[in-house]
Amino acid sequence: MGWKSVVDQSFSSGHQVRQQGDLLTGEGRCGKQTVAVIGTTNHAEVGVELALAMAAAVLDVIRSHPARPIVFLVDTSGQRLRHRDEMLGLNGYMAHLAKCVEMARRRGHAIISLVYEQALSGGFLANGMMADVCAALPEAEIRVMGLPAMARVTRISEERLTELSMSSPVFAPGAKNYLKMGGLDELWEGDLSACLTDAMEHIDASDHRRKNGFERGGRMLADVVVKRVLASA
Amino acid sequence: MSRSYYESNARARIAGLLDANSFHEWLPAEARVTSPHLATLEQPAAFDDGVVIGQGSIAGKNIFIAAQEGGFMGGAVGEVHGAKIVGVLERAVRDHPAAVLLLLETGGVRLQEANAGLIAVSEVMRAILSARAAGVPVVVVIGGQYGCFGGMGIAARCASAIIMSEEGRLGLSGPEVIETARGVEEYDARDRALVWRTVGGKHRYLIGECDAIVPDSMEAFQQAIMTCIENGDDWSLEALKQEHQLLNERVKRFGTCKDGRDIWRELGWADPISIAMMDNDEFVKAAQGHRTKNN
């Protein structure tokens with residue numbers, strides 16, 4: 001779904017979201033609440049400029065609109081794969097964005113993210129995965145790597161990986177797998193405006209993903225292992 | 001004879017950095033906390049899943065520590081591996097040690113359990129920031145053979161401070177990944193000097209992506225760790241704004257540079273080629289006034 005349809009449907013009481021290059025910024029109305037909108041489009045490759053622009057937008061919301069909820073609209077094909085961006089320290093720019101999001105959360109901003117097209121590996125870590133509520137449209141593509149490439153790197157046949165992916169959510173692409181693993185909180189279907197309103201009403205600022213992964217049967221060990229570390233003599 | 005950090009494995013690094021006999025391991029190999037996903041794929045597992053965690057001391061200060069083992073799957077992060085690191089950080093939020101020390105050596109997410117690994121890296125990032133927000137400094141050390149890449153390269157920069165050696169490498173996409181995606185003209189992964197000028201310790205120190213650079217010895221790393229702990233941490237909006245300014249200036253100043261050497265020249269190094277030849281002390285001294293950093 002294109003970002004314009006996503007904002008039209010999510011902010012039925014009105015919105016002002018602009019696109020500049022691959023960056024989306026603006027605000028939308030959700031009931032009586034105004035929320036900040038920050039995102040990317042065109043399956044953006046997140047390089048240093050784009051990561052910095054998103055961080056600037058987050059800092060701007062913190063400065064100008066204390067406690068205003070922030071909605072990230074995620075569409076990224078991952079981090080930009082360029083020598084130049086690596087040389088400039090792209091990991092540092094991504095981390096900066098993640099830190100800005102964390103700072104916003106700790107200053108009382110609810111953080112919601114919606115993967116409406118693509119979320120691939122590194123591009124997803126710095127914003128979408130930092131959210132209190134991380135949602136996706138059911139048809140959204142979420143992955144680290146596709147199975148053919150994974151087969152090449154791991155030297156496990158694609159047939160075997162495909163077969164295993166039928167019963168395990170642990171490595172294969174797909175929003176449903178991330179939901180089962182606790183990496184996504186929910187899939188938004190139908191009335192997006194209602195989904196957003198509902199999400200804003202059950203903000204949980206703690207990291208609840210490993211608990212969800214356990215309860216949904218997709219990631220059985222993470223929560224257990226953390227608890228064992230906490231209980232170790 | 002000083003011991004090399006680079007050539008040591010995770011356990012030897014812990015033994016070399018912490019006070020003698022102070023280390024107490026949590027979920028040691030005997031606990032057999034292994035990855036079930038590797039077993040499903042008929043891949044060999046490690047009884048510690050490639051990361052050693054526990055508690056010890058440096059100069060008598062209580063330290064929580066996690067050390068990734070590059071020798072097991074290149075230090076890649078899977079479900080159990082990641083959860084062990086998260087456990088250390090969450091325990092730090094509860095128990096308030098003097099610092100958490102993360103000895104990172106990793107290519108990032110373990111592809112055999114890619115989704116679990118990606119989520120785990122994200123949980124590590126949030127847990128690092130939770131520890132910092134709770135007032136516990138998190139210090140990252142990078143000086144191993146495999147460097148620190150992938151999502152863990154982002155996680156490293158969420159920490160309070162990063163200490164590297166010249167041999168250490170830090171980035172997001174590794175050179176091989178970029179070469180595979182864009183071709184050898186974009187990035188020749190076999191050109192070791194080029195890789196070093198792009199992600200190596202000295203370059204990272206000069207552009208302000210790491211806070212300290214040390215020679216490759218346990219003693220030097222230990223000294224730097226103590227200094228970082230003494231310097232404390234600044235998790236504040238003000239510090240983030242300063243970082244924002246630094247990163248903004250970096251793009252403006254160096255955004256059109258084609259090579260690390262162009263950046264160093266721009267930083268005022270008359271003879272950038274000489275940097276590779278300098279020993280650590282000489283380099284750190286010469287770098288004063290010729291690097292960018294916070295504060």
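These numbers were taken from a predicted model, which means no experiment stands behind them. In what follows, chains are A, B, ... by sequence order, proteins preceding strands, each numbered from 1.
The two residues B/Ser173 and A/Gln79 have their closest heavy-atom pair at OG-NE2, 3.2 Å. Nearest heavy atoms, B/Trp26 versus A/Ser232: CD1-CB, 3.4 Å. A pairwise comparison of heavy atoms in B/Ser130 and A/Arg106 identifies OG-NH2, 3.1 Å as the closest pair. Of all the heavy atoms in A/Leu81 and B/Ala181, the pair that sits closest is CD1-CB, 3.6 Å. Pairing each heavy atom of A/Gly92 with each of B/Glu209, the nearest pair is CA-OE1, 3.4 Å.
In this structure, the side chain of A/Tyr93 engages the main chain of B/Leu247 through a donor-acceptor pair within 3.5 Å. The closest donor-acceptor contact from the side chain of B/Asn248 to the backbone of A/Leu52 lies at 3.5 Å or more, if one exists at all. Between the side chain of B/Glu79 and the main chain of A/Leu221, a donor-acceptor pair closer than 3.5 Å is present. No donor-acceptor pair under 3.5 Å is formed between the side chain of A/Asn91 and the backbone N or O of B/Arg157. Between the side chain of A/Arg210 and the backbone N or O of B/Ala120, no donor-acceptor pair lies under 3.5 Å. Looking only at distances, no side-chain donor or acceptor of A/His83 sits under 3.5 Å from a matching main-chain atom of B/Pro175.
For B/Val33, the part lying near chain A is the side chain, with the backbone staying farther off; criterion is any non-hydrogen pair under 4.5 Å. For a residue to count as touching a neighbouring chain, one of its non-hydrogen atoms must lie under 4.5 Å from one of that chain's; by this rule B/Arg94 touches chain A with the side chain only. Interface residue B/Asp259: only backbone heavy atoms are found under 4.5 Å from chain A. Of the two parts of B/Ile162, neither the backbone nor the side chain holds a non-hydrogen atom closer than 4.5 Å to a non-hydrogen atom of chain A. Neither the backbone nor the side chain of B/Ile128 comes within less than 4.5 Å of any heavy atom of chain A. Heavy atoms closer than 4.5 Å to chain A are found in the side chain of B/Glu42, but not in its backbone. Looking at B/Ser236, the atoms closer than 4.5 Å to chain A (heavy atoms on both sides) all sit in the backbone: N, CA, C or O. With a 4.5 Å cut-off on non-hydrogen atoms, B/Arg204 touches chain A through its side chain but not through its backbone. Using a 4.5 Å cut-off between heavy atoms, B/Gln43 contacts chain A through its side chain alone, with no backbone atom that close. Both the backbone and the side chain of B/Glu123 have a heavy atom closer than 4.5 Å to some heavy atom of chain A. With a 4.5 angstrom heavy-atom cutoff, B/Thr256 does not touch chain A via any of its atoms.
No side-chain N or O of A/Arg84 forms a donor-acceptor pair with one of B/Thr198 less than 3.5 Å apart.
Looking only at side-chain heavy atoms (C-beta outward), A/Met87 and B/Phe254 stay at 4.5 Å or farther from each other. Between B/Ile207 and A/Leu88, every side-chain heavy-atom pair lies at or beyond the 4.5 Å cut-off. Within the 4.5 Å cutoff, no side-chain heavy atoms of A/Val225 are placed close to those of B/Asp49. The side-chain heavy atoms of A/Pro169 and B/Asn115, taken from C-beta on, include no pair separated by under 4.5 Å. By the 4.5 Å heavy-atom criterion applied to side chains, B/Lys84 and A/Arg228 are not counted as neighbours.
In this pair, B/His244 and A/His96 present their aromatic rings tilted. The plane angle is within the 30 to 60° band.
Counting heavy-atom pairs under 4.5 Å between each of A/Arg63, A/Glu102, A/Arg160, A/Met130 and chain B puts A/Glu102 at the top. Of the listed residues (A/Gly182, A/Ala56, A/Ser168), the greatest number of heavy-atom pairs within a distance under 4.5 Å of chain B belongs to A/Ala56. Of the listed residues (A/Arg105, A/Glu86, A/Met129), the greatest number of heavy-atom pairs within a distance under 4.5 Å of chain B belongs to A/Glu86. Contact tally against chain B (heavy-atom pairs below 4.5 Å) for A/Ala98, A/Pro173, A/Ala172, A/Ala104: the top residue is A/Ala172. Chosen from A/Val101, A/Ile62, A/Val48, A/Ile156, the residue pairing most often with chain B at heavy-atom distances under 4.5 Å is A/Ile156. Looking only at heavy-atom pairs under 4.5 Å with chain B, the residue among A/Met103, A/Arg80, A/Met94 that has the most is A/Met103.
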Apply the test side-chain contact (heavy atoms from CB on, under 4.5 Å) to residues A/Val229 and B/Val86: give CA-CA distance (whole Å), side-chain angles for both, the deciding distance (0.1 Å), then the verdict. CA-CA 9 Å; A/Val229 176; B/Val86 171; over 6 Å; no
